[in-house]
Every structure is written in C-alpha cells, then in structure tokens.
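Working notes, structure below.
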Amino acid sequence: MYLQATILLQPVRTVAVLDERILSGVSAEALDLSLAGKQFISTQRHGKRLFLRLQDDLWLTLHLGLTGSLFYLPARVVEADVVEVVPSHTRLLISFQNDCRLAFDDPRIFGEVGLTKSPSIFLAERKIGPDALQLNLDGFLEIMHGRRGAIKAMLLNQSLVAGLGNLYADESLFQAGICPRSRSLGEKELMALFSSIQEVLKTALSTGANLANLPDSYLLPHRHAAGTCPRDGSQLKHEKIGGRTSYYCPKHQKIVG
DNA sequence: CCACATGTTCATTT
DNA sequence: AAAATGAACATGTG
C-alpha cells in the first residue's frame, strides 16, 4: 500500500494543521503533541477509513471524504534549502525527521482527521458496519434480510456494510443486473449482488482505485448522461435514489421485489 | 449565475 | 423504536 511504502517507521518531526475544519475530536495542538517524535508502525483500512498505528493505544484516523488525497512528498533539497511546495489545498501536513512529508490535500473539506485508541472502538462509536471485503455471504444476507428500502440506499449506508460509495454501488448493481430502485431482494439476487460487490471492489483495489484503469465492460467508464450500456448498447438512465445520482441500464438491470 | 458532484451526519418522517 | 428519507456541509467545475 502507498502509505506502507512511504511513511512507516520514520519519526514525525511536526504536524501542521493548515485548516482546522478537517479535525474531528482533537485540537491541532493535541495532534502535534501526540505525533511528534513518534513513528507510524502499521496501517489498516476499514471501508473508506484509514487507521495509522502509532503505538499500542494510539492510532491516527483518516477519511478522504469526497475530494481528499494523500501525497507523499520526498525531501527536495536545493542548495541546502528544503523546497517548500505542497498541493494547493493541503489541510494537514506531517513532516518527518528525514525531511519527507505527507500532505493531506482536500479541496472540499469533507475529509476528516482524528485520533483513537483503537480502530474497533472508533468503528463502534461511529456505528460503522463490517468492511465489504471482510464480509462473507451469510453475513451479507443476514444484514440485508428484511429491509424495505431501495437497495442502492442500503449499499450506501456505511452502518450496514462499509466500503461502497456511489460509484461502486452503481457498478455492483450493474454487474448483478439489479435495478438500483429494487426493494426487498430475494436470496438469489442478494447472492448475485454479493459476488458482484466482491469482484468490483477487488478489481477497483487492483487498479489502485483508478477509474481510468477499469475494464470497458464496466459501467463506470460509461457513467455519464450520454453513456450507453457496454453489455447491450441501451441508453443509460440516471435518477436520484437515496439522495445520490444513480446510473443504470434499463434493459438488463431489472426491478426486483 | 445555476446545477451538480466519488461522502457523512443529523434531523425529520414513516 | 428502528428504518427510511432528505437536507446540510464547503468548494470547484461545467
């Protein structure tokens, strides 16, 4: 993983909070105090959340929100000065003792940075459900069983299953051939959906979450107003479901339930 | 200028 | 009361 290859085992020098609005439950001073002199020893992902372990009972939590990115900045030394160039919307800047830095860039500030004693405590507090890729079929069926809302809205609900956002929820439904407005899916549809989710997320991770690298047979490369279904050529439809825009193929994504 | 956007949370309604 | 629904948040882009 990106972070593991870059920032592990390197002592932190300072933490600069450039915009306090990304902080959650911790002050800029406390954050700097907690991190200075420590090093990150491991990383963990759960859904869309990242946890960076500092020591046994202290973890940095990160969420990239809608528009957040992490940039590892190697030290650039020119004539004895460290060059100061960071991404334009950097909200948090962690400087390491080797002059490398980690910038958290987030134009829209929906991202979040905090501290916790453990990922499990944090996840319980926020009522975050099991990670989609750690869940097995039986767990998925149990969670989804008996719910009445639109399946798209359920996939977006992180307290049921964590890790699917608007795009990958659309993609999973597309591949399972299920209309996002469907309610009360039967076991057969839920099984197909579960396997599509696993497939989609694994593919997404293998491409480094880079949408441009997804196969053309996926919905996402065609997910725009004029797009057509890569499977049958139909004009894609889009509408708001669960508060977010959903794209789907009206021909092969049937309404169930 | 207006509509809209890869996410989460909180208030309101069913 | 649990589940469902919709608005709000902040800023950039078409």
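Chain A is the first sequence line, chain B the second, and so forth, proteins listed ahead of strands; every chain is numbered from 1. Scope of the values below: all heavy atoms of this structure, side chains included, with no hydrogens, waters or symmetry mates.
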Please convert DNA chain B into dot-bracket. A pair counts if it is Watson-Crick or G-U wobble with both distances under 3.5 Å; crossing pairs go in [ ] and bases paired with another strand get |. .||||.||||||||

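- Residue Leu64(A) contributes atom CG, which lies 13 Å from atom C1' of dT8(B) at whole-angstrom precision.
- When heavy atoms are screened at a 4.0 angstrom cut-off, Arg49(A) is found touching no nucleic acid atom at all.
- For the pair Arg244(A) and Met154(A), both in contact range of DNA chain C, the more 5′-proximal nearest nucleotide belongs to Met154(A).
- Side-chain atoms of Pro107(A) lie closest to dG12(C) of the nucleotides dG12(C), dA3(C), dC9(C).
- What separates CG of Leu156(A) from P of dT8(B) is a distance of 9 Å, to the nearest Å.
- If you take atom C1' in dT13(C) and the same atom in dT8(B), they sit 22 Å apart, rounded to whole Å.
- Nucleic acid contact class of Gln158(A) (heavy atoms, under 4.0 Å, all strands): sugar-phosphate only.
- At the phosphate of dG7(B), neither OP1 nor OP2 sits under 4.0 Å from any side-chain N or O atom of Thr67(A).
- Within 4.0 Å (heavy atoms only), Gly165(A) reaches sugar-phosphate atoms of the nucleic acid but no base atom.
- From Gln253(A), atom CD reaches atom CG of Leu219(A) across 7.0 Å, with rounding to the nearest 0.5 Å.
- Comparing Arg108(A) and Arg126(A), the nucleotide of DNA chain B nearest to each residue sits closer to the 5' end for Arg108(A).
- Here dA3(C) presents its C1' atom at 14 Å from CD1 of Ile151(A), a figure rounded to the nearest Å.
- The closest donor-acceptor contact from the side chain of Gln175(A) to the backbone of Ala192(A) lies at 3.5 Å or more, if one exists at all.
- Using a distance-only test at 3.5 Å, with no hydrogens or angles considered, no donor-acceptor pair links the side chain of Glu112(A) to the main chain of Gly65(A).
- Arg183(A) places its CZ atom 8 Å from the P atom of dA4(C), with the value rounded to the nearest Å.
- One finds a side-chain N or O of His63(A) lying less than 4.0 angstrom from the OP1 or OP2 phosphate oxygen of dT8(B).
- In this structure, the side chains of Leu155(A) and Lys152(A) stay at 4.5 Å or more apart for every pair of heavy atoms.
- Remark: P of dA5(B) and NE2 of His238(A) are 9 Å apart, rounded to the nearest angstrom.
- Among dT8(B), dT6(B), dT11(C), the nucleotide with an atom closest to any side-chain atom of Arg223(A) is dT6(B).
- Between the side chain of Asp105(A) and the backbone N or O of His89(A), at least one donor-acceptor pair lies under 3.5 Å.
- Comparing dA5(B), dT6(B), dT8(B) by their closest approach to the side chain of Leu167(A) singles out dT6(B).
- Under a 3.5 Å cut-off, the side chain of Ser246(A) and the backbone N or O of His238(A) do not form any donor-acceptor pair.
- Separating the CG atom of Asp19(A) from the C1' atom of dT11(C) is a distance of 11 Å, rounded to the nearest angstrom.
- Look at CZ on Phe110(A): it is 11 Å from C1' on dT9(B), rounded to the nearest Å.
- Annotation: dA4(C) and dT6(B) have their C1' atoms spaced 23 Å apart (nearest Å).
- Here CE of Met154(A) is found 9.0 Å from CZ of Arg148(A). Values are rounded to the nearest 0.5 Å.
- Not one N or O on the side chain of Ser182(A) forms a donor-acceptor pair closer than 3.5 Å with the backbone of Ile178(A).
- Using a 4.0 Å heavy-atom distance criterion, Ile109(A) is classed as a sugar-phosphate-only contact.
- Closest approach to the Arg21(A) side chain among dT11(C), dT5(C), dG12(C) is made by dT11(C) (side chain taken as heavy atoms from C-beta onward).
- Between the CG atom of Leu155(A) and the C1' atom of dT6(B) there is a distance of 15 Å, rounded to whole Å.
- Heavy atoms of Lys127(A) sit nowhere under 4.0 angstrom from any nucleic acid atom.
- His252(A) has its ring centre less than 6.0 Å from the ring centre of Phe174(A).
- Nucleotides dT9(B) and dG12(C) are separated by 22 Å at their C1' atoms, to the nearest Å.
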